[in-house]
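See below for the structure under consideration.
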Amino acid sequence: MCGIIGYCGPKQAVEVLVEGLKRLEYRGYDSAGIAVGFKNEVTVIKKKGKIKDLRQVIPDGIKGNYGIGHTRWATHGSVNDINAHPHSGCAGKIVIAHNGIIENYTGLKEILEKEGHVFKSETDSEVIAHLIEKYYTDDLEKAVKEALSILKGTYGIVCINPDEPDRIIGARNGSPLVLGVGDGEMFLASDVTAIISHTKQVVYLEDGEVVSIRPDGFKTTDLNENRIEKDVEYISWELEEIEKNGFSHFMEKEILEQPEAIKRAISGRVITDVASAHLGGLDLTTKELLNIERVKIIGAGTSYHAGMVGAYLLESIARIPCVPEIASELRYRNPIIERNTLYFAISQSGETADTLYAMRELQRKGATVLGVCNVVGSTIARESDGGVYIHSGPEIAVASTKAFSSQITVFYLFALLLSRMRDMSYEQGIDYIDNLRSIPAKMDEIFRKRNEIKKLAEKYAHYKDMLFLGKGINYPVAMEGALKLKEISYIHAEGYTSAEIKHGPIALINEETPSVFLVPDGGLKEKVISNMKEVKAREGKIIAITVEGDDSVGEIADDVFMIPKINEIFYPFLLVVPLQLFSYYCALELGRDVDQPRNLAKSVTVE
Ligand code: M6R
């Protein structure tokens, strides 16, 4: 969703701001803008559309060594130049960019208008600029704090005033803000990707903190003027990880990175000697692990699907009752916290508002919630009671791919750990580890045949609707396949457990609605084949994904793609890859914006 960048230092701010905004593009946005300060003047330039559209309206040779920039994903007010950030007060001096939602803006706006303030936009954010302007006498930081103390809602903000050149005030409450510490220069950003090309030294701000930056240093305080000492942390991501490196799209790159991502998620966490796993970040003793009676996993979108796989696995092999739940629902059904229940909040970005707020609600009621996150230092990672990083490396494409594989890897490790404390024998543990370790090479085998999937996509991309059908542990994979397809190709797709189609969805089946069936070998295969026959009998076209050497499915399906054989509980890893590639190639065939599909944001920081 919205992105923020701020800079003060010796460089020309325009270049730093525009580069930062380019790197934030992946978050999803509809307009963008910058404010550049030069001595005691500030110039604001805003544009609906992409950063390249903004670039075109930035006058050549615009000078300035400090400034702020923003990518907007509209919530309050339509998508146009005026509603784009940054926003200014009446005098045009106080300029702010804001991520989040100001809940009491209507009342504040009314009061400010009565006091003579004239608003230009329809946004909630503009009220912040006018409020700071109202309180400003000669100290920007003081005025920002006064304004923030009466705002209700969430914010990550940056603010400048050319009367105090080379200074930026930043603050956060519910929307991330990170400080980048350079050599004689300072940065503020909503995520580290915007600044990683300049510095790897960062300070993560917490809710309620305010930072004042100048080129030579920074000062962190709370709203009551208490000084807060912050540690400077080091980002381990490399610049090349957030670049395409020759690939056409980030999504393609990230799909192909999955074998390495899985190896990283496993690395250092398997203890072969005892055929078990070690997940240090969980911070749970053996006794505490043994006392777990139930597990609940909350997440959204792809992360929820990964949680579904995790839940199936934990229940089937660790024999612990486990349910996945969509995070956005949990908070509003007043959940009962049962004794000895362990919760996981699973989120690639670690910033998804639905998951974060659900986690806070659980913690408020006394639950222990562990995070499963990718982004180091993200809010869920910091606020959870422990957790595991998936170490996928940055995921830039809006459509999540490698995070899914890495998230489920963590659950496979956790299931191994718990199972080995219960019923799983040493030999079974070793076999399980061998299967897990074999996955990256088997994924590479699939990649070598990806041209076959491209051909299937070319054949099927022009259909309007599709069903994705699987069973057991592969049912969430069918849902994930459908989500991927609709997200980036805009083809309407739904994922079901294959038996469920008889209860309604089969009414959709005719020669215009193809179905993608997940039919690996294993105990449920014959059941899925029966469902395939039901579809075939109604003239539905079928793409089947099955296991190499299995010709039985080919007699029913119109098209078949074969994946390598593995123990049946590990098929989600191998089935998801052809589905990711299928949606990628369908989107290409239809000329879609693969990495930044319409209306979507990478990190959904509003409810
Ligand atoms: O960062 P998170 O994992 O919490 O994000 C959750 C969903 O917003 C995300 O998975 C979304 O569904 C993806 N665009 C799916 O590709």
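Below, each value reflects all heavy atoms present in this structure, side chains not excepted, and no hydrogens, waters or symmetry copies. Every number for a ligand or one of its atoms is a count from 1 in the order of the listing.
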How about S583 and E487: does a side-chain donor come under 3.5 Å of a side-chain acceptor? no
Please list, chain by chain and in numerical order, all residues satisfying salt bridge (charged side-chain N to carboxylate O under 4.0 Å, His left out) with K442, sequence neighbours excluded. none
Could you tell me whether ligand 1 has any atom less than 4.0 Å away from a heavy atom of A300? yes
When you measure from atom 2 (P) of ligand 1 to each heavy atom in T302, I346, T352, which option holds the nearest one? T352
Record the part of K602 in heavy-atom contact with ligand 1 below 4.0 Å; permitted values are side chain, backbone, both and neither. neither
Hey, is ligand 1 close enough to L483 that some N/O pair sits below 3.5 Å? no
Identify, with sequence neighbours excluded, every residue that meets side chain to side chain contact (heavy atoms under 4.5 Å, CB included) alongside T341. R294, K296, E338, Y343
Side chain, backbone, both or neither: which part of E351 comes within less than 4.0 Å of ligand 1 when only heavy atoms are counted? neither
Assert yes or no for the condition that the ring centre distance of F344 to F414 is strictly below 6.0 Å. yes
Backbone or side chain, does any N or O of E487 fall under 3.5 Å from an N or O of ligand 1? yes
Top protein contact for atom 1 (O) of ligand 1, by heavy-atom distance: S349 OG, 2.7 Å
Ligand 1 contacted by V398 (non-hydrogen, < 4.0 Å): yes
Within the 6.0 Å centroid threshold, strictly below: Y312 and Y475: no
For atom 8 (O) of ligand 1, the closest protein heavy atom turns out to be V604 CG2, 4.0 Å
Given the rule in the side-chain contact (heavy atoms from CB on, under 4.5 Å) test, do D595 and Y26 qualify, once you have shown the distances and angles that lead to the verdict? CA-CA 7 Å; D595 285 337; Y26 79 99; over 6 Å; no
